[in-house]
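No experiment lies behind these values; they were computed from the predicted model shown. In what follows, residues are counted from 1 in the order of the sequence shown.
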Amino acid sequence: MKYRLTNSFRSIALLAALLRAKARVRLGAATSFYRSLRPQFLILHFSFFILLSACSGLRYIPEGQMLYTGSKVIIKSPQKLSKKSTLQTELESVITPKPNSSFLGLRPKLYFWHLGVGKKKGFGKFLADKFGQAPVLLKDVKISATEGLITNRLYNNGFFHGTVSHEVKTQAKTAQVDYTATTGQAYTIKEIHFPESDTVVNAAVRATQPGTLLKVGDAYNLNTFTAERVRIDNVLKNEGYFYFAPDYILFQVDSTLHNQVNVYLRVKPTAPAKATRPYWLDQIKLNTNYVLTDTTTRQPLMFRKYQYFPDEKVFKASAITRATFLYPDSLYRRKRRDQTISRLMSLNTFKFVEIRMKPAVAGDSGGRARLDADVLMTQLKKKSLRADLQLVSKSNGFTGPGVTVSFRNRSALRGGEQLLINAVASTETQTGSGSGGIGLTSYELGLNAQLLIPRLVVPDLPLLDVHLPNSDFQPRTIIGAGYRTVNRAGYFNEDFFNLNYGYSFKTKITNEQEIRPIDITYVRLANTTAAFDTLLAKRRFLKSAFQQQFILASSYRYTYNQQVLEQRRQQIYFSGQVEGSGNVAQGIASSIGQAKDANGKYTIAGQEFSQYLKFDFEVREYYRISPNPTSGNRIVARFQAGIGMPYGNSDVLPYPKQYGIGGPNSVRAFAARGIGPGTYHPVSTEQNLNSFYDQVGDIRLEGNVEYRQDLVPYVKGAVFVDAGNIWLANKDEARPGGEFNTSTFLSQLAVGYGVGLRIDVQFFVIRFDYALPLQAPYGKPASTTGRFNLAIGYPF
């Protein structure tokens, strides 16, 4: 091998010399020189094939041995199998050993392994340890044992008369072992019998029968029987049987019938006595300041029969007991134990929560067995202060640096309430709009606060228990207030004052609801320039949008998100929201006979208020190509729709509530707010200068499809197609073609496509997308030049 490699390197050197010679001499001389070196090229080609032969690995197989190249299972059945692919996967899973990895017949790992044979050190030994793999030989395959395992899997699937045979196929110095599994007819369940005796545990097991996974007529399947044991154990754990275990369930199967079985379910007579009796809770200790080195003995505070440690300086006892669903003198239920851990952790005030159960010293006068519970909570730091330097990237195309200083108090009122105060400063520029930069540089300062109360602050309702006793997640009342000022260079200053009050709660891990009955925003426009005043004078819709200064909104949002179920190959996300504003104020004003102002509008403190109804929903689907849950290869699709209808006290939607489309998180081939409304397209210099304010609407439709592919660790690629547009609910002479028309809206969709690269380090994603326009709402795109997008995070 050493000689062959040396000749190969000499041939490569000669080839390099040829290339240099061709650069120096005329074509005729070079051709003559090439012919003179033709034997060297033959050596080069021969050496290349020698290397390929070496990488095939066959020359390293000991004399008289065969390289094992793998196995497959052939299933033969007298009847059509409903889950043949599942059975095939299960049968092939028991085949061992795994053959040497290969690619197009090459096995370079065998070559590297050979470099280390007989060596204890050196470069060859290093390569062998790092990249090598010893050959897997036919003699290493335990054919008889594998046949036994396959037969066992057939039995587990109800094929009690299944047989397995094998065939060894040889070629050159390789061998493959094929197994043939002949199933015969599957046995099905004829009768199911639960325990009949009247012991306490047998009665408890018998009570679970309505939910059994075993069905008469189904094929016998060991996996189903195993799942049935787990199901029964789960039920009994919630009925006080703390020490019960799935292994204490025994299935006796009578298979003497013709292709049918009778199943008899029993509790093993060897099950310990403590496993066959229910337990009640006795003492429950709540320790909110637990540390591993805590050995002190303190006098607890008694609160509602709980022993509370250490005191109420940080957390009131009532706040912790509201999140505790283990009750003294109640039957032990594992569901309540798990619910307690989940609720306490979702307070976001504890780093760890652990519950330790132990037998009580004695039972009670009724002879019931009892358990004591220690609920141990390790606190997070109560107060924290942090500063973040950020690259702000908004959906409307504004990007720029920003700084946020945040203060958090994890128990502001000693009830687990979290107080968050944020101070924000940023400067942003809206890029790629074609406006020449007028009015598209923004400076923002803001201060906002939120108080998160870990309960629903509402009176008791007849149809709703505000404690949500069947939810594992802590409901929250959210109170917020904030102020921010925005300076749009060359146009105006705008001040926003906000006050909101609402509720957020989950009934399942996938379901979340948010109700915000009060969301008041007061917008004050000041320091307008002559350029912006001229713009408002020419655009009636824009003037109305900026003049409506009170937004008295209420909203409801429902979110269903399967992305938290990481093992699912197909994940669905849905979010729907309805929002209304000004209805109560308009009703009160009209009922008391309040006079309208000169514009024919009702006012509050001399200021007009908005009245509208707005609906939004978004659906996404994530489908993972590979069954491997860690794979990032997936197809992702999104569809968004929204409509806002002004009425009553409003002619148009408030400007912050109107829709824009385009940009790095939307239709990426077009600039942010560079599409629509409808077929409207800025053509004049003035229209281009003010396109950021013109290209908004009341109706939105958008769809995206993206394929994401893992490339190398922390780097992913993507190809995508985007489509969408916005429209006006009412005709506007200043934006011809902008109104929505049911017969033409599909032909007015902007369409783009492109490729992307994402650096994904889990907690942070930098995204690069390059997109090309395929179709504009008005027809052929004005420019076919691609658009580069830099953004933070995935688009959806």
Subject >> Separation of S504 OG from I478 CD1 (nearest 0.5 Å) >> reply: 5.0 Å
**OP:** Before accepting this row, confirm whether a basic side-chain N of the pair D616/K657 lies closer than 4.0 Å to the acidic partner's carboxylate O.
**Re:** no
**OP:** Dump the intermediate steps for side-chain contact (heavy atoms from CB on, under 4.5 Å) on K506 and N511, then the final yes or no.
**Re:** CA-CA 6 Å; K506 286 185 174 184; N511 299 13; 5.9 Å; no
**OP:** Indicate the atoms forming the closest heavy-atom contact of F745 with W727, along with that distance.
**Re:** O-CZ2, 3.5 Å
Original post:
Does R620 use its side chain to pair, donor to acceptor, with the backbone of Q571 at less than 3.5 Å?
Top reply: no
Original post:
Nearest heavy-atom pair of V466 and L456: which atoms, and what distance?
Top reply: O-CD1, 3.6 Å
Original post:
Quick one: does T477's side chain have a donor or acceptor within less than 3.5 Å of a partner on R455's backbone?
Top reply: yes
Original post:
Can you tell which of R516, R557, E618 makes a side chain to side chain donor-acceptor pair (under 3.5 Å) with Q577?
Top reply: R557
Original post:
Tell me, do V405 and F407 make a side-chain contact under 4.5 Å, heavy atoms counted?
Top reply: no
Original post:
Mind checking whether F639 and L701 have side chains closer than 4.5 Å, heavy atoms only?
Top reply: yes
**OP:** Would you check if Y655 and V696 make a side-chain contact, meaning some heavy-atom pair closer than 4.5 Å?
**Re:** yes
Subject >> Donor-acceptor pair, side chain of E702 and main chain of G724, under 3.5 angstrom >> reply: no
Subject >> Any side-chain heavy-atom pair of E608 and D597 under 4.5 Å >> reply: yes
Subject >> Option passing side chain to side chain contact (heavy atoms under 4.5 Å, CB included) with I726 (candidates Q658, R700, R673) >> reply: R700
Original post:
Do any N or O atoms from the side chain of Q775 and from the backbone of L749 form a donor-acceptor pair under 3.5 angstrom?
Top reply: yes
Subject >> Check against side-chain contact (heavy atoms from CB on, under 4.5 Å), T510 and V564 >> reply: CA-CA 7 Å; T510 55; V564 295; 4.0 Å; yes
Original post:
Could you go step by step and tell me if D533 and T528 meet the side chain to side chain donor-acceptor pair (under 3.5 Å) rule?
Top reply: CA-CA 7 Å; D533 289 336; T528 59; 2.8 Å; yes
Original post:
What distance do L613 atom CG and S650 atom OG have between them, rounded to the nearest 0.5 Å?
Top reply: 12.0 Å
Subject >> Gap separating the CZ atom of R758 from the CZ atom of R708, nearest 0.5 angstrom >> reply: 6.0 Å
Original post:
Within a strict 4.5 Å, meaning less than it, do heavy atoms of the Q607 and Y522 side chains meet?
Top reply: yes
Original post:
Counting only N and O atoms by type, is there a donor-acceptor contact under 3.5 Å from the side chain of Q450 to the main-chain atoms of G480?
Top reply: no
**OP:** May I ask you to test the I675-P777 pair for a side-chain heavy-atom distance under 4.5 Å?
**Re:** yes
Original post:
Which pair of non-hydrogen atoms, one from Y778 and one from K780, has the smallest distance, and what is that distance?
Top reply: CE1-O, 3.4 Å
Subject >> Spatial distance of atom CG (D722) from atom CZ (R638) [nearest 0.5 Å] >> reply: 8.0 Å
**OP:** State which residues pass side-chain contact (heavy atoms from CB on, under 4.5 Å) with L552; sequence neighbours excluded, sorted by chain then number.
**Re:** I520, F550, S581, A585, I604, F609
Original post:
Which atom pair, heavy atoms only, marks the closest approach of I551 to Y612?
Top reply: CG2-OH, 3.6 Å
Subject >> Non-neighbouring partners of F788 that pass side-chain contact (heavy atoms from CB on, under 4.5 Å), sequence neighbours left out >> reply: F768, Y770, L790
Original post:
Any luck finding a side-chain donor-acceptor pair between Y443 and N493 under 3.5 Å?
Top reply: no
Subject >> Separation between CG of N409 and CD of E417, rounded to the nearest 0.5 Å >> reply: 9.5 Å
Subject >> Close side-chain approach of R410 to Q418, heavy-atom, < 4.5 Å >> reply: yes
Subject >> Working for ring pair (Phe, Tyr, Trp, His ring centres under 6.0 Å), residues Y560 and F574 >> reply: CA-CA 5 Å; Y560 177 74; F574 170 81; 8.3 Å; no
**OP:** Measure the shortest side-chain to side-chain distance between R668 and P795 over non-hydrogen atoms and say whether it is less than 4.5 angstrom.
**Re:** yes
**OP:** Mark yes or no for whether S666, through its side chain, and G663, through its backbone, hold a donor-acceptor pair below 3.5 Å.
**Re:** no
Original post:
Step by step, would you call Y753 with L772 a side-chain contact (heavy atoms from CB on, under 4.5 Å)?
Top reply: CA-CA 5 Å; Y753 65 98; L772 294 163; 3.6 Å; yes
**OP:** Could you walk me through whether D472 and I509 pass side-chain contact (heavy atoms from CB on, under 4.5 Å), step by step?
**Re:** CA-CA 8 Å; D472 292 340; I509 190 173; over 6 Å; no
Subject >> Side-chain (Q513) to main-chain (Y503) donor-acceptor, under 3.5 angstrom >> reply: no
Original post:
Has K508 got more than 12 heavy atoms of other residues, nucleotides or ligands less than 6.0 Å from its NZ?
Top reply: no
Subject >> Residues which pass salt bridge (Lys or Arg N to Asp or Glu O under 4.0 Å) with R735, listed by chain and number, not counting sequence neighbours >> reply: D732
Subject >> Exercise: identify the closest heavy-atom pair between P454 and Q474 >> reply: O-NE2, 2.7 Å
Original post:
If you take all heavy atoms of L452 and R476, which pair is closest and at what distance?
Top reply: CB-NH1, 4.3 Å
**OP:** Say whether, by atom type as modelled, one donor and one acceptor occur between the side chain of E706 and the main chain of V636 under 3.5 angstrom.
**Re:** no
**OP:** Please determine if R343 forms a cation-pi arrangement with F505, meaning its NZ or CZ atom is less than 6.0 Å from the six-membered ring centre and no more than 45° off the ring axis.
**Re:** no
Subject >> Distance, nearest 0.5 Å, that separates CD of E512 from CZ of F473 >> reply: 9.5 Å
Subject >> Backbone of N725 reached by a side-chain donor or acceptor of Y659 within 3.5 Å >> reply: no
